[in-house]
Amino acid sequence: MLRVEELEAVLPSMTRWRVPGGRHVDWAALEAGLGTALPSDFRSLAEAYPVLIVDGFLSVSVPRPGTEVLWASGCRQDEILQDLYEMGDTEGYVPYPEPGGLISWAESDSGDSFYWRTSPADPDAWTVVVRGANGDWSEFPVGAVEFLAGVYGRTIDVPGMPRDFPCENPQVLGLSDRID
């Protein structure tokens with residue numbers, strides 16, 4: 001598994017959003033609500049960063065402290081993926097909590113969805129599955145952090161993405177955890 005620092009090397013503009021001392025996500029509550037642990041690379045990312053939006057295009061969803069059960073519930077009730085599955089448009093992929101089911105962790109503003117395939121049992125061995133807005137499905141034998149580092153470091157090519165993705169100097173916006 002790739003470390004968050006290796007993603008930061010590829011996306012240096014994200015480091016301004018790193019939360020000193022961590023975000024203190026209640027992983028026990030989240031995993032109890034979700035019914036599974038999550039990959040350690042994603043946990044490290046979620047501890048260090050709020051929701052990240054890369055180039056106004058890709059939004060990486062991480063749980064906000066205090067809303068872990070709500071985040072888990074959203075993962076278990078992915079209505080769009082469920083609809084695609086019921087229409088037979090998932091190329092054999094199934095929604096979580098089915099065995100090997102997909103859990104969403106990111107999306108694009110163009111309608112692309114980024115998932116983990118929850119098989120095998122060890123979350124650190126889960127692969128990334130992408131459903132492009134054009135309906136293409138692709139699977140990558142890496143975790144979320146390595147996937148992001150590969151995409152933005154230009155070592156992973158995702159079929160069906162816009163021509164200008166990724167751009168030459170991607171900027172990252174972090175969304176605050178504050179609720180006012």
Side-chain angles (χ1 to χ4, degrees), residues 1-8 14 17-54 58-86 89-108 111-131 137-149 151 172-180:
M1 300 237 101
L2 214 59
R3 293 182 7 254
V4 171
E5 293 78 11
E6 294 169 88
L7 176 58
E8 291 170 338
M14 73 185 280
W17 304 106
R18 185 181 262 276
V19 176
R23 296 177 61 242
H24 308 292
V25 174
D26 184 345
W27 293 105
L30 186 146
E31 292 170 358
L34 188 56
T36 186
L38 292 174
S40 61
D41 66 331
F42 180 79
R43 288 172 54 129
S44 294
L45 181 67
E47 278 299 322
Y49 287 97
V51 170
L52 296 173
I53 300 174
V54 185
L58 180 71
S59 176
V60 180
S61 173
V62 296
R64 188 175 69 228
T67 66
E68 294 87 352
V69 173
L70 181 62
W71 192 88
S73 176
C75 290
R76 292 180 66 89
Q77 299 170 10
D78 187 329
E79 292 179 18
I80 293 172
L81 180 59
Q82 185 64 41
D83 289 347
L84 291 169
Y85 177 69
E86 290 171 6
D89 191 21
T90 58
E91 292 191 14
Y93 294 109
V94 297
Y96 184 82
E98 295 294 322
L102 302 181
I103 295 175
S104 177
W105 58 269
E107 62 188 12
S108 80
D112 309 289
S113 299
F114 302 80
Y115 303 96
W116 290 292
R117 184 175 188 192
T118 61
S119 177
D122 176 9
D124 286 340
W126 292 353
T127 57
V128 168
V129 175
V130 178
R131 181 187 185 275
W137 291 83
S138 305
E139 189 164 350
F140 302 87
V142 296
V145 170
E146 187 172 349
F147 176 81
L148 291 169
V151 166
V172 179
L173 173 66
L175 301 183
S176 173
D177 285 334
R178 289 185 46 177
I179 301 174
D180 294 329

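Between the side chains of Glu98 and Tyr85, no donor N or O sits under 3.5 Å from an acceptor N or O.
Panel note: side chain Glu47, backbone Ser44; no donor-acceptor pair is recorded below 3.5 Å. Under a 3.5 Å cut-off, the side chain of Trp116 and the backbone N or O of Pro39 do not form any donor-acceptor pair. A donor-acceptor pair is defined here as one N or O able to donate and one able to accept, closer than 3.5 Å; no such pair exists between the side chain of Tyr115 and the backbone of Thr127. Between the Asp41 side chain and the Arg3 main chain, no donor and acceptor come within less than 3.5 Å of each other. No donor-acceptor pair under 3.5 Å is formed between the side chain of Glu86 and the backbone N or O of Leu84. A donor-acceptor pair under 3.5 Å links the side-chain atoms of Asp124 to the main chain of Ser40, judged by distance alone.
Note: Trp27 CH2 to Leu38 CG = 6.0 Å, rounded to the nearest 0.5 Å. Rounded to the nearest 0.5 Å, atoms CG (Leu58) and CG (Leu52) are 9.5 Å apart. Note that the CH2 atom of Trp105 and the OG atom of Ser113 stand 11.0 Å from one another [nearest 0.5 Å].
Across every non-hydrogen atom of Arg117 and Val129, the tightest pair is CB-CG2, 3.9 Å. In terms of heavy-atom proximity, Met14 sits nearest to Tyr49 at O-CE2, 3.0 Å. Minimum interatomic distance between Ser59 and Val51 (heavy atoms only, all atoms of both residues): OG-CG1, 3.9 Å. Pairing each heavy atom of Trp137 with each of Arg131, the nearest pair is CZ2-CD, 3.3 Å. Nearest heavy atoms, Ser119 versus Gly100: CB-CA, 3.7 Å. Closest of all the heavy-atom pairs between Ala72 and Leu30 is CB-O, 3.6 Å.
Looking at Ser61 and Glu107, their side chains never come closer than 4.5 Å, going by heavy atoms from C-beta outward. Side-chain contact between Val25 and Arg64: absent, with no pair of heavy atoms (C-beta onward) separated by less than 4.5 Å. A 4.5 Å side-chain heavy-atom check between Thr36 and Trp126 finds at least one atom pair inside the cut-off. Looking at Trp17 and Val172, their side chains come closer than 4.5 Å, going by heavy atoms from C-beta outward. Using a 4.5 Å heavy-atom threshold, the side chains of Leu7 and Leu45 count as touching. Under the 4.5 Å side-chain criterion, counting only non-hydrogen atoms from C-beta, Val94 is not in contact with Leu102.
Other residues, nucleotides and ligands contribute at most 12 non-hydrogen atoms within 6.0 Å of the CD atom of Glu79.
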Show your reasoning for whether side chain to side chain contact (heavy atoms under 4.5 Å, CB included) applies to Val69 and Asp26. CA-CA 9 Å; Val69 173; Asp26 184 345; over 6 Å; no
Residue pair Glu139, Tyr93: steps toward the side chain to side chain contact (heavy atoms under 4.5 Å, CB included) verdict: CA-CA 10 Å; Glu139 189 164 350; Tyr93 294 109; 2.7 Å; yes
With salt bridge (charged side-chain N to carboxylate O under 4.0 Å, His left out) as the test, would you mind laying out the steps for Arg18 and Glu8 before giving the verdict? CA-CA 10 Å; Arg18 185 181 262 276; Glu8 291 170 338; 2.8 Å; yes
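Here Arg43 pairs with Glu31 in a salt bridge; the nearest charged N to carboxylate O distance falls below 4.0 Å.
A side chain to side chain contact (heavy atoms under 4.5 Å, CB included) with Phe114 is found for one member of Val151, Val130, Leu148 and no other, namely Val130.
Aromatic ring orientation, Phe42 versus Trp71: parallel (interplanar angle below 30°, classes split at 30° and 60°).
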